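Just below is one structure, and these are the notes that go with it.
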Amino acid sequence: MTKVSSVILGAAGEHYVMAELLRRGLIAAKAPEGVPNFDIVITDINGERLAAIQVKTRRDYRGGDKGWHMKAKHDTLIAERMFYVFVDVGSDENSPVLFYVMPSRTVAEACRLSHQIWLQTPGIGGRPHGDSDMRRLLPKYPQNDRMHLSTEQQAFMDSHADGWMEQYRNGWHLISQEL
């Protein structure tokens, strides 16, 4: 298999998402390079309502946790008509492309709470984790010792076990209903 750079892989994810949106009758356009919070702007056919999408793309063989890279800004990046589409292009060129469409509020909560839990969970040798800008959106969050977790954090763990993202697979209707 040919190694594909993360920049090219990210561009591929954006084009896959634009194709899916256009296929569904939505008008989609790539945002200019350097726009910090979204990659694609969409509107209904009449141009009366707008929405924004941030695309995150991953390849199956990268990262043992099968998650997507996020940053601290995603903890609070919430807008009524802002969505994320998490794209998994699989392990090779013959793999099916998977899409998970999520409202920004859902993503912000997952990033914020999972990071809080990670900070409270001891690292290697029992040492505390150091805070950083890095976040991970995972399809399955580890079900660790919950004794030290708040009620909100425990509820997050219960609702984000293996398979939690399946409710968002091909969730294009979440975007359509906002437009």
Side-chain angles (χ1 to χ4, degrees), residues 4-60 62-63 66-115 133-141 152 155-156 159-160 163-179:
V4 178
S5 80
S6 61
V7 172
I8 293 174
L9 190 64
E14 290 171 3
H15 286 278
Y16 276 124
V17 170
M18 286 196 341
E20 289 294 322
L21 293 165
L22 292 167
R23 213 177 105 172
R24 288 164 170 75
L26 297 170
I27 307 305
K30 188 155 170 9
E33 291 299 320
V35 172
N37 296 331
F38 57 91
D39 302 305
I40 297 173
V41 179
I42 57 177
T43 184
D44 63 345
I45 197 72
N46 298 322
E48 294 173 352
R49 294 187 53 104
L50 297 172
I53 295 177
Q54 186 166 111
V55 178
K56 296 290 186 182
T57 306
R58 68 173 299 279
R59 177 151 260 168
D60 188 53
R62 304 277 314 242
K66 301 197 181 298
W68 287 265
H69 291 290
M70 307 296 285
K71 293 185 177 176
K73 74 176 186 177
H74 297 113
D75 291 0
T76 57
L77 192 57
I78 300 170
E80 183 180 335
R81 286 188 298 278
M82 182 182 172
F83 298 87
Y84 290 80
V85 180
F86 295 94
V87 182
D88 183 347
V89 297
S91 59
D92 61 39
E93 294 82 9
N94 298 314
S95 298
V97 177
L98 303 177
F99 302 96
Y100 300 90
V101 181
M102 293 185 194
S104 59
R105 184 170 305 285
T106 301
V107 174
E109 178 185 54
C111 287
R112 180 179 57 82
L113 289 172
S114 65
H115 187 68
D133 193 47
M134 177 73 141
R135 307 287 189 270
R136 296 286 285 166
L137 185 90
L138 303 177
K140 175 184 179 182
Y141 287 94
E152 180 185 32
F156 170 80
S159 63
H160 288 74
W164 79 273
M165 287 181 65
E166 287 304 308
Q167 64 186 311
Y168 299 105
R169 187 187 289 199
N170 292 321
W172 303 106
H173 66 280
L174 296 172
I175 297 170
S176 297
Q177 70 190 18
E178 290 297 323
L179 297 175

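As a basis for the values below, the full set of heavy atoms in this structure was taken, side chains included, without hydrogen atoms, waters or symmetry mates. Bear in mind that the values here come from a model prediction, so they are computed numbers and not experimental data.
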Measuring from [X]:[atom1] to [Y]:[atom2], what's the distance to the nearest 0.5 Å?
X     : Y      : atom1 : atom2 : answer
Ile40 : Leu21  : CD1   : CG    : 6.0 Å
Ile53 : Asn37  : CD1   : CG    : 14.0 Å
Glu80 : Arg105 : CD    : CZ    : 9.5 Å
Arg81 : Ser104 : CZ    : OG    : 11.0 Å

* To do: Any salt bridge (Lys or Arg N to Asp or Glu O under 4.0 Å) involving residues 16-26? Give me the pairs, sequence neighbours left out, ordered by first then second residue.
  =>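 Sorted result for residues 16-26: Glu20-Arg23, Glu20-Arg24.
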
* Asked: So which pairs with a foot in residues 38-52 pass salt bridge (Lys or Arg N to Asp or Glu O under 4.0 Å), sequence neighbours left out?
  ->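 Checked against salt bridge (Lys or Arg N to Asp or Glu O under 4.0 Å) - neighbours excluded - no pair reaches residues 38-52.
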
Taking every non-hydrogen atom, the tightest pair across [X] and [Y]:
X      : Y      : result
Ala28  : Leu22  : N-CD2, 3.7 Å
Val35  : Ala31  : CG2-CB, 4.1 Å
Gly10  : Thr57  : O-OG1, 4.1 Å
Trp164 : Leu138 : NE1-O, 2.8 Å

* **Results of side chain to side chain donor-acceptor pair (under 3.5 Å) for His15 - residues two or more places apart only** =>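 His15 satisfies side chain to side chain donor-acceptor pair (under 3.5 Å) with no residue once adjacent residues are dropped.
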
* Asked: For Arg112, which residues count as a side chain to side chain donor-acceptor pair (under 3.5 Å) partner, sequence neighbours excluded?
  ->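 Partners of Arg112 by the side chain to side chain donor-acceptor pair (under 3.5 Å) criterion, ordered by chain and then number, come out as Glu152.
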
Side chain proximity check, [X] to [Y], heavy atoms < 4.5 angstrom:
X      : Y      : answer
Lys56  : Leu137 : no
Trp172 : Leu26  : no
Met70  : His115 : no
Gln54  : Val107 : no

Which residues satisfy the side-chain contact (heavy atoms from CB on, under 4.5 Å) test with [X], sequence neighbours excluded?
X      : answer
Thr43  : Ile27, Leu50
Lys30  : Glu14, Met18, Glu33
Leu174 : Phe83, Pro103, Tyr168, Gln177
Ala72  : Asp133, Arg135

* With Phe156 via ring-ring contact (aromatic ring centres under 6.0 Å, His included) - residues at least two apart ->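 Here the qualifying residues are Tyr141, His160.
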
* **Partners passing ring-ring contact (aromatic ring centres under 6.0 Å, His included) against Phe86 (at least two apart in sequence or in another chain)** =>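 For Phe86, the residues satisfying ring-ring contact (aromatic ring centres under 6.0 Å, His included) (neighbours in sequence not counted) are Trp68, Tyr84.
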
Check: residues 94-101 side-chain donor-acceptor pairs under 3.5 Å, at least two apart:
{"unit_1": "Ser95", "atom_1": "OG", "unit_2": "Ser91", "atom_2": "N", "d": "3.1"}
{"unit_1": "Ser95", "atom_1": "OG", "unit_2": "Asp92", "atom_2": "N", "d": "3.2"}
{"unit_1": "Ser95", "atom_1": "OG", "unit_2": "Asp92", "atom_2": "O", "d": "3.4"}
{"unit_1": "Ser95", "atom_1": "OG", "unit_2": "Asp92", "atom_2": "OD1", "d": "3.3"}
{"unit_1": "Tyr100", "atom_1": "OH", "unit_2": "Arg169", "atom_2": "NH2", "d": "3.3"}

* To do: Please assess Arg58 against Lys66 for the test side chain to side chain contact (heavy atoms under 4.5 Å, CB included), listing each intermediate value before the final yes or no.
  => CA-CA 8 Å; Arg58 68 173 299 279; Lys66 301 197 181 298; 3.6 Å; yes

* **Residues, nucleotides or ligands: over 12 heavy atoms within 6.0 Å of Lys140 NZ** =>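 It does not: Lys140 NZ has 12 such atoms or fewer within range.
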
